[in-house]
S.K.: 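I'd like to ask you about the structure that follows.
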Amino acid sequence: MLMARGVTIRFGGVVAVGGMDMDVHPGEIVGLIGPNGAGKTTFVNAISGTYVPNAGSIRWQDEDLVGRTPNRLARMGVGRTFQNVASLSDLTVLDIVKVGRSVRGAGGGLRDLFASGRRQDDELAQKYLEPLGLADHRNTPLQMLSYGHRKAVDIARALAGEPDLLLLDEPVAGVAPAEAFALAGFVKKIRDLMGCAVVMVEHKMDIVMCTCDRIVVMAGGVKIFDGSCAGAQSDPEVRRVYLGHA
């Protein structure tokens, strides 16, 4: 589904990502982990069109993604969330889903979506809010929700664009443990219900281990491991740079 080869991103003389390779197959959940400054979010930014690589290729279902805008990539089926929840605090949860729904034009224009009737609103809530445990908050302004629920709303917004590939950038960062494990369970449920592949950038290893099918580890802007969760735990280089030896 996604094939990245030799992706390199420089900021002046600093090489943030240096020759990164990664494949993502349909329907799998891939954990992208590594120490702070490893280049994980920078690499995801390249996949989603925020950054244009200085070198390398990124192909999506046999199309070249390099140079495509984030809006164009969203219409092609690449959705993402962000480390910091989008500042749409005055909107209700359902309205934020409508913003996400408008990205691919699947539900008509944004004006039409906001003027939609009760039946269409119910359908949107059932499809994108219920799987994330947000159905009871559909008419609640974002600013009234807990931080964990806000992160879930950002996932619902991305899902409403009907992505084939969902990029989650630290979806449980700053979230209380109980809410974090609930969100992790929702990620697997989303994959099973919608069939989309997921790349999840995350630091919490317990979340990664219980959610992901495969782990890719970055350090210093390059890939140092690609394999099973158990393999990552036992790999000497991963333990040295990230997990520790205890």
Side-chain angles (χ1 to χ4, degrees), residues 1-2 22-34 40-41 43-45 47-48 60 73-74 77-86 93 96-97 100-101 103-104 124-138 142 145-218 226-233:
M1 177 176 283
L2 180 78
M22 189 173 79
D23 295 336
V24 179
H25 303 285
E28 72 173 344
I29 302 175
V30 181
L32 182 59
I33 68 172
K40 305 179 297 297
T41 294
F43 179 59
V44 167
N45 283 339
I47 297 173
S48 63
W60 161 254
L73 292 180
V78 180
R80 73 165 294 177
T81 66
F82 298 88
Q83 289 183 20
N84 297 313
V85 179
V93 170
I96 292 171
V97 167
R101 182 66 170 163
V103 168
R104 292 187 79 172
L124 289 172
Q126 181 178 8
K127 188 168 186 179
Y128 304 114
L129 297 180
E130 283 191 8
L132 286 158
L134 295 168
D136 292 340
H137 301 290
R138 57 188 288 178
L142 184 67
L145 298 179
S146 69
Y147 187 68
H149 278 130
R150 293 185 193 189
K151 300 280 272 191
V153 171
D154 197 35
I155 295 175
R157 173 201 54 77
L159 283 177
E162 298 285 348
D164 299 306
L165 173 65
L166 180 60
L167 306 171
L168 302 177
D169 196 358
E170 298 196 24
V172 300
V175 177
E179 287 186 306
F181 278 101
L183 274 174
F186 289 140
V187 170
K188 298 185 78 169
K189 185 176 181 181
I190 287 163
R191 187 270 307 273
D192 295 340
L193 286 174
M194 303 191 68
C196 58
V198 178
V199 174
M200 184 171 71
V201 177
E202 190 47 65
H203 282 284
K204 296 183 178 180
M205 277 303 296
D206 49 357
I207 297 294
V208 172
M209 297 295 289
C210 73
T211 307
C212 299
D213 303 310
R214 180 163 57 92
I215 291 180
V216 174
V217 186
M218 291 183 69
D226 186 342
S228 68
C229 297
Q233 284 186 309

S.K.: About how many Å separate OG1 of T81 and CD1 of I155, when rounded to the nearest 0.5 Å?
M.R.: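 It comes to 6.0 Å.
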S.K.: Which atom pair, heavy atoms only, marks the closest approach of A156 to L134?
M.R.: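 What the structure gives for the nearest pair is CB-CD1, 4.3 Å.
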S.K.: Salt-bridged, K204 to E170, with N to O below 4.0 Å?
M.R.: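 Looking at K204 and E170, the cut-off is not met.
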S.K.: Name the atoms and distances for all side-chain donor-acceptor pairs under 3.5 Å in residues 23-31, with sequence neighbours left out.
M.R.:
residue : atom : partner : partner atom : Å
D23     : OD1  : R5      : NH1          : 2.8
D23     : OD1  : R5      : NH2          : 3.1
D23     : OD2  : R5      : NH2          : 3.1
E28     : OE1  : R214    : NE           : 3.4
E28     : OE2  : H25     : N            : 2.8
E28     : OE2  : R214    : NH2          : 2.6

S.K.: Please identify which of these residues, E162, R138, R157, meets the side chain to side chain contact (heavy atoms under 4.5 Å, CB included) condition with Y128.
M.R.: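 Checked E162, R138, R157 against Y128; only one passes side chain to side chain contact (heavy atoms under 4.5 Å, CB included): E162.
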S.K.: Under the salt bridge (charged side-chain N to carboxylate O under 4.0 Å, His left out) rule, what pairs show up with a residue in residues 175-196, not counting sequence neighbours?
M.R.: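 Every salt bridge (charged side-chain N to carboxylate O under 4.0 Å, His left out) pair that includes a residue of residues 175-196, provided the two are not neighbours, is R191-D213.
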S.K.: Take H149 and V93, measure what side chain to side chain contact (heavy atoms under 4.5 Å, CB included) needs, and give me the verdict at the end.
M.R.: CA-CA 10 Å; H149 278 130; V93 170; over 6 Å; no
S.K.: Shortest non-hydrogen contact from K127 to P131?
M.R.: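 What the structure gives for the nearest pair is O-CG, 3.3 Å.
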S.K.: At their closest point, which heavy atom of M22 faces which heavy atom of I47, and how far apart are they?
M.R.: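 Looking at all heavy atoms of both residues, the shortest contact is CE-CD1, 4.4 Å.
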S.K.: Taking C-beta and beyond as the side chain, do V78 and L2 meet within less than 4.5 Å on heavy atoms?
M.R.: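 Not touching, per the 4.5 Å side-chain cut-off.
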S.K.: Taking all atoms of both residues into account, what is the closest heavy-atom pair of K40 and I33, and its distance?
M.R.: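 Nearest heavy atoms, K40 then I33: CD-C, 3.4 Å.
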S.K.: Can you tell me how far apart CG (L142) and CD1 (I96) are? Round to the nearest 0.5 Å.
M.R.: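 Going from the CG atom of L142 to the CD1 atom of I96 covers 4.0 Å.
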S.K.: Flag yes if more than 12 heavy atoms outside Q126 fall under 6.0 Å of its CD atom; otherwise flag no.
M.R.: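 No - once you tally the heavy atoms of other residues, nucleotides and ligands closer than 6.0 Å, there are 12 at most.
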S.K.: Quick one: are L32 and F43 in side-chain contact, heavy atoms under 4.5 Å?
M.R.: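 Yes, close enough: below the 4.5 Å cut-off.
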S.K.: Is any side-chain heavy atom of H137 closer than 4.5 Å to one of V153?
M.R.: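 The answer is no; the side chains never approach within 4.5 Å.
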S.K.: Looking only at heavy atoms, which two atoms of G148 and V175 are closest? And how far apart?
M.R.: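 Between these two residues, the closest heavy atoms are CA-CG1, 3.9 Å.
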S.K.: Tell me the closest heavy-atom pair linking P171 and V201, and the distance in Å.
M.R.: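 Shortest heavy-atom separation between P171 and V201 comes out as CD-O, 3.5 Å.
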S.K.: Less than 4.0 angstrom from a charged side-chain N to a carboxylate O is my criterion; do K151 and D154 meet it?
M.R.: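 Not counted as a salt bridge, because no side-chain N and carboxylate O are separated by less than 4.0 Å.
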S.K.: Given side chains that start at C-beta, do those of T211 and E202 come closer than 4.5 Å, heavy atoms only?
M.R.: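 Of all side-chain heavy-atom pairs linking E202 with T211, none is under 4.5 Å.
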S.K.: Inspect the surroundings of CG in D136 and state if more than 12 heavy atoms from other residues, nucleotides or ligands are less than 6.0 Å away.
M.R.: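 No, because the 6.0 Å sphere around CG of D136 holds 12 heavy atoms or fewer from other groups.
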S.K.: Please evaluate residues W60 and L165 with respect to the criterion side chain to side chain contact (heavy atoms under 4.5 Å, CB included), reporting the C-alpha separation (whole Å), side-chain torsions for both, the decisive distance (0.1 Å), and the verdict.
M.R.: CA-CA 9 Å; W60 161 254; L165 173 65; 3.5 Å; yes
